[in-house]
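Handing you this structure, nothing more for now.
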Amino acid sequence: MGQTIICNHPLIQHKLGILRRKDTGAKEFRELVTEIAMLMGYELTKDFPLEEVEIETPMGKAHVKSISGKKVAIVPILRAGLGMVDGFLNLIPAAKVGHIGLYRDPKTFKPVSYYCKMPEDITNRQVIVIDPMIATGGSAIDAVTELKNMGVTNIKVANIIGAPEGIEEFHRVHPDVDIYVCSVDEKLNDNKYIIPGLGDAGDRLFGTK
Ligand SMILES: O=P(O)(O)OC[C@H]1O[C@H](OP(=O)(O)OP(=O)(O)O)[C@H](O)[C@@H]1O
Ligand SMILES: O=c1cc[nH]c(=O)[nH]1
Ligand SMILES: [Mg+2]
């Protein structure tokens with residue numbers, strides 16, 4: 001079964017508390033999402049393998065560590081996932097970025113797919129799917145299914161806030177994929193919004209409401 005890893009670092013939890021506030025404006029919201037994403041990236045890369053390589057310092061030869069595993073692709077789920085891209089790229093500047101466009105139908109709450117563009121060598125990469133919210137789990141589930149259908153085998157998911165219902169459903173459908181999340185909130189409301197959550201992440205990032 002996939003694991004839910006809670007990113008409990010005090011800086012993350014402090015920033016998340018500010019992010020949730022209704023009076024946090026779009027500029028600060030975007031900055032906080034970037035900062036939280038970067039701190040999540042630190043947690044998520046903890047198990048990346050290292051190899052020893054020989055280099056030359058100005059003083060002579062030295063053996064140093066270098067990341068040796070698969071190259072990384074970051075895959076934001078549009079739109080709100082875009083807010084987390086810069087935070088991850090700050091840490092992993094050589095990562096390529098693929099995009100999956102999904103929106104939740106407001107009546108059925110089911111994800112509707114509208115875009116997909118991946119790096120050519122996506123199947124050889126460690127893929128990190130990013131989206132601030134996992135509510136019913138439908139969007140994250142479909143995004144990972146699309147990636148698996150392309151042949152991707154190494155996938156991790158990073159969400160800032162999750163609902164227990166969505167996380168459980170995600171693990172049921174994709175038992176081989178771990179989720180990193182900063183908070184598992186209480187529940188979903190009748191409109192499938194996360195309670196207490198932070199409202200609509202896409203609208204708050206881009207000022208559309
Ligand atoms: O787990 P789920 O029930 O699928 O809900 C989560 C999805 O809903 C939000 O996107 P939204 O559909 O609002 O699109 P947006 O990012 O374009 O605002 C959020 O960013 C997730 O992608
Ligand atoms: O609480 C929620 C649920 C879905 N999408 C959001 O942006 N927020
Ligand atoms: Mg939205």
Side-chain angles (χ1 to χ4, degrees), residues 2-16 18-19 27-101 115-132 134 140 143-144 146-160 174-183 205:
Q3 288 193 57
T4 305
I5 297 120
I6 313 286
C7 300
N8 260 331
H9 193 287
L11 283 174
I12 293 181
Q13 294 302 319
H14 178 83
K15 289 174 191 294
L16 178 58
I18 305 171
L19 192 71
K27 178 175 183 286
E28 196 183 2
F29 192 91
R30 280 194 292 272
E31 288 167 357
L32 286 162
V33 168
T34 298
E35 290 165 10
I36 292 170
M38 195 160 109
L39 293 163
M40 290 185 82
Y42 177 80
E43 302 268 353
L44 196 136
T45 50
K46 265 186 179 161
D47 62 353
F48 276 19
L50 290 170
E51 64 184 350
E52 202 167 271
V53 292
E54 190 176 281
I55 58 139
E56 294 267 350
T57 78
M59 312 306 290
K61 286 190 195 317
H63 291 97
V64 298
K65 306 271 197 254
S66 173
I67 288 178
S68 65
K70 286 177 181 263
K71 294 196 167 77
V72 171
I74 296 159
V75 176
I77 300 178
L78 307 180
R79 273 173 317 167
L82 289 173
M84 297 173 73
V85 171
D86 284 351
F88 273 86
L89 283 180
N90 286 344
L91 278 192
I92 318 169
K96 292 194 174 172
V97 183
H99 295 84
I100 289 188
Y115 187 72
C116 184
K117 179 78 181 174
M118 290 298 141
E120 273 179 4
D121 57 353
I122 189 74
T123 52
N124 297 327
R125 289 182 176 260
Q126 165 70 57
V127 172
I128 305 172
V129 175
I130 55 177
D131 190 330
I134 177 166
V144 169
E146 276 194 51
L147 288 162
K148 285 184 175 175
N149 288 342
M150 289 171 209
V152 177
T153 52
N154 293 277
I155 306 173
K156 295 182 185 214
V157 174
N159 305 114
I160 297 179
H174 293 300
D176 53 329
V177 178
D178 291 343
I179 295 182
Y180 290 72
V181 67
C182 305
S183 172
L205 277 164

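Predicted, not measured: the structure shown is a model, and the values here were computed from it.
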- Closest contact, heavy atoms only, Thr34 versus Gly83: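 It is OG1-O, 3.8 Å.
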- Message: Show the nearest heavy-atom pair for residues Gln13 and Cys182, with the distance to one decimal.
- Response: NE2-O, 2.8 Å
- Is there a donor-acceptor contact under 3.5 Å from the side chain of Asn159 to the main chain of Asp131? yes
- Got more than 12 heavy atoms from elsewhere within 6.0 Å of CG, Leu50?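 Count over threshold, so yes.
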- How far apart are the C-alpha atoms of Lys70 and Asn154, what are their side-chain angles, what is the distance that settles it, and do they pass the side-chain contact (heavy atoms from CB on, under 4.5 Å) test? CA-CA 9 Å; Lys70 286 177 181 263; Asn154 293 277; 3.1 Å; yes
- Query: Can you name the nearest heavy-atom pair linking Ser66 to Val53, along with the distance?
  - Reply: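 Answer, listing the atom of Ser66 first, then Val53: CB-CG2, 3.9 Å.
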- Task: Report yes if some heavy atom in the side chain of Ile100 is under 4.5 Å from a heavy atom in the side chain of Leu147; otherwise report no.
- Result: yes
- Euclidean distance, Lys27 NZ relative to Glu31 CD, rounded to 0.5 Å: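 Separation between the atoms: 4.0 Å.
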- Query: With distance as the sole test, does Lys15 use its side chain to make a donor-acceptor pair with the main-chain N or O of Glu35 at under 3.5 Å?
  - Reply: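 Between the backbone of Glu35 and the side chain of Lys15 there is no qualifying donor-acceptor contact (under 3.5 Å).
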- Does the side chain of Met40 come within less than 4.5 Å of Ile130's, by heavy atoms? no
- Query: With sequence neighbours left out, what residues match Asp176 under side chain to side chain contact (heavy atoms under 4.5 Å, CB included)?
  - Reply: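 Partners of Asp176 under the side chain to side chain contact (heavy atoms under 4.5 Å, CB included) test: Lys148, His174.
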- Show the numbers, then the answer: is there a side-chain contact (heavy atoms from CB on, under 4.5 Å) between Lys96 and Ile122? CA-CA 9 Å; Lys96 292 194 174 172; Ile122 189 74; over 6 Å; no
- Do NZ/NE/NH1/NH2 and the carboxylate oxygens of Lys61 and Glu56 come within less than 4.0 Å?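 Answer for the salt bridge query: yes.
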- Check whether any side-chain heavy atom of Ile18 lies under 4.5 Å from a side-chain heavy atom of His14, and answer yes or no.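 Ile18 reaches His14 side chain to side chain.
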- Message: So, taking the atom named CD1 in Ile134 and the one named CD1 in Ile179, what distance separates them when rounded to the nearest 0.5 Å?
- Response: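 Result: 4.0 Å between the selected atoms.
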- Message: In the structure I gave you, are the side-chain heavy atoms of Asp47 and Lys156 within less than 4.5 Å of one another anywhere?
- Response: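 Yes, side chains in contact.
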- Query: Within a strict 4.5 Å, meaning less than it, do heavy atoms of the Pro76 and Met84 side chains meet?
  - Reply: no
- From Val177, Ile128, Val75, residue fulfilling side chain to side chain contact (heavy atoms under 4.5 Å, CB included) relative to Val157: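 Of Val177, Ile128, Val75, side chain to side chain contact (heavy atoms under 4.5 Å, CB included) with Val157 is met by Val177 alone.
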- Are the side chains of Thr153 and Thr123 in touch, meaning some heavy atoms are under 4.5 Å apart? no
- Query: Are Arg79 and Leu205 side-chain neighbours, meaning at least one heavy-atom pair lies under 4.5 Å?
  - Reply: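 In short, these two side chains do not touch, never coming nearer than 4.5 Å.
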- Taking side chain to side chain contact (heavy atoms under 4.5 Å, CB included) as the test, write out the residues that go with Ile6, two or more places apart. Thr4, Asn8, Val181, Val184
- Message: Can you tell me if Glu52 has over 12 outside heavy atoms packed within less than 6.0 Å of its CD?
- Response: yes
- Note on the structure: Between the CD1 atom in Ile74 and the NE2 atom in His99, the distance rounded to the nearest 0.5 Å is 10.0 Å
- Message: Could you go through Phe48 and Gln126, starting from their C-alpha distance and side-chain angles, then the distance that decides it, and tell me whether this counts as side-chain contact (heavy atoms from CB on, under 4.5 Å)?
- Response: CA-CA 10 Å; Phe48 276 19; Gln126 165 70 57; 4.2 Å; yes
- Message: Quick check on Lys71: does its NZ atom have over 12 non-hydrogen neighbours (other residues, nucleotides or ligands) under 6.0 Å away?
- Response: no
- Report the distance from atom CD1 of Ile160 to atom CD1 of Ile36, rounding to the nearest 0.5 Å.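 One finds 5.0 Å between CD1 of Ile160 and CD1 of Ile36.
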- Message: Taking the side chain as everything from C-beta on, heavy atoms only, tell me whether Phe88 gets closer than 4.5 Å to Val72.
- Response: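 No - every pair of side-chain heavy atoms lies 4.5 Å or more apart.
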